[in-house]
Amino acid sequence: MRLVGLYLALFAFWLLMSGHYEPLIVGFGVVSCAATVYIARRKDFVDYATLSWYIKPTLPLYWLWLLGQILKANFDVATRCVLPGSRIDPCVFRAPANQDTGVGVATYANSITLTPGTVSMQTWDHEIRVHALTRDGARDVLGGEMDGRICRVEGRTKDGTEDGP
Amino acid sequence: MTLAVDIASWLCLVAGALLCLAGGIGMIRFPDVYARSHAAGVIDTGGAYLILLGLALQAGFSLITVKLVLIGLLLFFTCPTATHALVKAALAGGLEPLCRELGADETADLADEAAP
Amino acid sequence: MMFAAAMAGVLAAMALTLVRGLLGPTVFDRVLALNTFGTVTVLAIAVLGFLMGRPQFLDIALLYALINFVGTIAILKYLQYGDLGASGREAGTGNSNTGSGSDTGGGGGRP
């Protein structure tokens with residue numbers, strides 16, 4: 001059943017990519033998608049835990065919020081890159097990550113890296129080492145808003161889990 | 001209507017190009033790998049998304065827009081992974097950042113300042 | 001006209017990144033410059049397609065983004081483990097591997 005879903009998704013992707021609808025070309029698509037599903041099944045490649053994370057309905061809302069944060073941080077870092085008088089004050093620190101699952105922590109680390117001005121350097125189970133370009137960036141991460149939002153996407157409130165490791 | 005779309009697309013393309021330029025200047029000016037990865041992040045995120053958005057506004061609703069969105073999604077997923085892998089490899093390779101690591105009390109102070 | 005302006009900015013960014021790649025004191029600077037250069041090249045190909053009125057170039061840009069990512073990860077893995085076939089869990093330096101598997105698998109691993 002899951003393999004059929006994978007096949008349909010792959011084939012829809014293939015049709016969107018090709019833009020050709022002659023029988024011969026579509027036949028090639030049918031065959032190549034079947035081969036891909038066969039290989040994926042043999043390699044036990046499909047990670048259903050990750051997939052179930054990516055079909056959560058609240059995730060697109062989080063992405064929209066994240067895009068806004070990214071734009072704000074972009075203009076801050078870009079001005080610091082260009083203006084001659086501006087100063088950077090880098091620091092390294094450890095931020096708590098309160099997510100339950102590995103996918104949640106990975107999403108948090110990736111979100112930190114996506115926001116210019118902060119880069120995740122190392123991850124542990126419930127902690128991330130972050131390099132921040134400025135103290136303001138460090139404050140934004142340690143304020144925990146992004147952390148809480150990912151916890152909410154994960155389907156859990158952040159109550160009582162404030163104490164880091 | 002088309003004029004408004006044209007103007008929006010102009011703004012996105014020019015802002016994206018300027019962000020790319022700023023990121024490039026940051027790549028030259030910043031002192032170490034870890035700081036430069038932030039400048040690279042400006043190019044990877046803001047510059048890329050704004051330019052792709054400007055192109056998508058020009059293309060209208062078509063297969064071209066679908067492909068632009070796919071390129072954007074691909075960058076959205078791969079760029080942070082690549083940057084994280086690079087920074088982690090640099091750390092494991094013994095390259096120390098040009099700054100000290102904050103202690104637990106300083107981290108707590110920063111969290112308190114951010115919290116109110 | 002507007003595509004030409006965007007192209008100029010992108011090309012200047014490519015030149016600056018290339019300078020960092022040539023200057024870069026450590027090998028990680030060069031890899032970072034390489035990765036960023038690849039991203040900017042993707043943008044340049046996309047803008048060039050619109051500039052020349054041939055949007056088929058977007059397929060090339062998509063492929064370039066894929067290859068750029070895989071290439072960067074391959075170089076980094078070679079640098080860190082000295083062996084492209086290493087599993088990464090056991091051959092590491094020992095202090096930095098907890099959670100790395102779920103990280104790359106979760107963030108970039110969507111097929």
Side-chain angles (χ1 to χ4, degrees), chain A residues 13 15-19 63 66-67 70-84 88-96 106-107 109-123 128-145 162 164, chain B residues 15 18-32 34-35 37-47 49-50 62-64 66-67 70 76-77 79-84 86-88 90-92 97-104 106-116:
Chain A
F13 180 72
L15 278 183
L16 272 180
M17 282 289 95
S18 81
W63 280 354
L66 182 64
L67 280 180
I70 288 174
L71 272 189
K72 266 194 290 182
N74 257 303
F75 285 106
D76 180 50
V77 177
T79 48
R80 276 176 206 279
C81 286
V82 177
L83 294 184
I88 59 170
D89 177 22
C91 58
V92 179
F93 61 94
R94 292 174 179 220
T107 306
N110 270 346
S111 307
I112 288 176
T113 312
L114 265 175
T115 320
T118 48
V119 167
S120 57
M121 299 169 88
Q122 251 177 313
T123 55
I128 300 176
R129 180 183 276 164
V130 183
H131 184 280
L133 195 59
T134 60
R135 293 297 164 101
D136 285 338
R139 229 169 263 135
D140 281 349
V141 172
L142 285 170
E145 196 187 352
E162 281 286 344
Chain B
L18 284 180
L19 278 181
C20 280
L21 203 57
I25 294 172
M27 291 277 286
I28 302 286
R29 280 186 68 200
F30 282 168
D32 69 340
Y34 303 102
S37 69
H38 299 295
V42 173
I43 298 180
D44 285 346
T45 61
Y49 299 156
L50 281 176
S62 62
L63 274 182
I64 301 170
V66 175
K67 280 176 189 167
L70 272 170
F76 184 78
F77 279 108
C79 277
T81 314
T83 309
H84 173 79
L86 183 120
V87 169
K88 192 162 151 270
L91 202 65
L98 276 181
C99 54
R100 69 201 171 78
E101 176 149 3
L102 299 183
E106 286 172 290
T107 312
D109 283 348
L110 277 179
D112 283 343
E113 285 172 40

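Quick note: numbers below take in every heavy atom, side chains included, and nothing from hydrogens, waters or symmetry partners. Bear in mind that the values here come from a model prediction, so they are computed numbers and not experimental data. Naming: A, B, ... by sequence-line order, numbering from 1 per chain.
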Student: How far does OH of B:Y49 sit from CD1 of A:I70, to the nearest 0.5 angstrom?
Tutor: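 The OH atom of B:Y49 sits 5.0 Å away from the CD1 atom of A:I70.
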Student: Could you measure the distance from the NE2 atom of A:H131 to the CG atom of B:L91? Nearest 0.5 Å is fine.
Tutor: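 One gets 10.0 Å once the value is rounded to the nearest 0.5 Å.
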Student: Under the salt bridge (charged side-chain N to carboxylate O under 4.0 Å, His left out) test, which residues partner A:D76, sequence neighbours left out?
Tutor: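 Applying salt bridge (charged side-chain N to carboxylate O under 4.0 Å, His left out) to A:D76 gives A:R80.
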Student: For each of A:P90, A:A73, A:A138, tally heavy-atom pairs with chain B at distances under 4.5 Å, and name the one with the top tally.
Tutor: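 Maximum pair count with chain B is reached by A:P90.
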Student: Is B:V66 close to chain A through its backbone or its side chain, or both, or neither, when contacts mean heavy atoms under 4.5 Å?
Tutor: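 Looking at B:V66, just its side chain touches chain A.
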Student: Under a 4.5 Å cutoff for heavy-atom pairs, which residue among A:D140, A:T79, A:V82 has the most contacts with chain B?
Tutor: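 Of the options given, most contacts go to A:V82.
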Student: Given heavy-atom pairs under 4.5 angstrom as the criterion, report whether the side chain, backbone, both or neither of A:A132 touches chain B.
Tutor: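 Just the backbone, heavy atoms under 4.5 Å.
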Student: Please enumerate all residues that pass salt bridge (charged side-chain N to carboxylate O under 4.0 Å, His left out) together with A:R129, with sequence neighbours excluded.
Tutor: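 With neighbours one apart ignored, the set is B:E101.
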Student: Relative to chain B, which of A:S111, A:G137, A:A78, A:G117 shows the most heavy atom pairs under 4.5 Å?
Tutor: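 When all of A:S111, A:G137, A:A78, A:G117 are compared, A:G117 has the most.
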Student: Looking at every non-hydrogen atom in both residues, tell me the closest pair between B:P80 and A:L114 and how far apart they are.
Tutor: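 So the two residues come closest at CG-CG, 3.8 Å.
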Student: To the nearest 0.5 angstrom, please state how far the NE2 atom of B:H84 sits from the CD1 atom of A:I112.
Tutor: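 Those atoms lie 10.5 Å apart.
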Student: If every non-hydrogen atom of A:C81 is compared with every non-hydrogen atom of B:G26, which pair is closest and at what distance?
Tutor: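 What the structure gives for the nearest pair is SG-CA, 3.6 Å.
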Student: What's the spacing between A:N74 CG and B:H38 NE2 if we round to 0.5 Å?
Tutor: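 It comes to 13.0 Å.
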Student: What part of A:L66 is in contact with chain B, defined as an atom under 4.5 angstrom from a non-hydrogen atom: side chain, backbone, both or neither?
Tutor: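 The side chain, not the backbone.
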Student: Which bit of A:L16 is near chain B, if near means a heavy-atom gap under 4.5 Å: side chain, backbone, both or neither?
Tutor: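 Backbone plus side chain of A:L16, per the 4.5 Å heavy-atom cut-off to chain B.
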Student: Rounded to the nearest 0.5 Å, how far does CG of A:L71 lie from CG of B:L19?
Tutor: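 B:L19 CG to A:L71 CG: 8.5 Å, rounded to 0.5 Å.
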Student: Using non-hydrogen atoms and a 4.5 Å limit, figure out which bit of B:F30 sits close to chain A: side chain, backbone, both or neither.
Tutor: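 Looking at B:F30, just its side chain touches chain A.
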Student: Given a strict heavy-atom distance threshold of 4.5 Å, which part of A:T118 is in contact with chain B: side chain, backbone, both, or neither?
Tutor: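 Just its backbone gets close to chain B.
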Student: Which pair of heavy atoms, one from B:T45 and one from A:P116, lies closest together, and at what distance?
Tutor: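 B:T45 and A:P116 have their closest heavy atoms at OG1-CG, 3.6 Å.
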Student: Do B:Y34 and A:V92 have side chains that get closer than 4.5 Å, going by heavy atoms?
Tutor: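 When only atoms from C-beta onward are counted, A:V92 and B:Y34 do not touch, as no gap falls below 4.5 Å.
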Student: Could you check which of B:T83, B:I28, B:L70 has the highest count of heavy-atom pairs closer than 4.5 Å to chain A?
Tutor: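 Going by pairs under 4.5 Å, I would pick B:L70.
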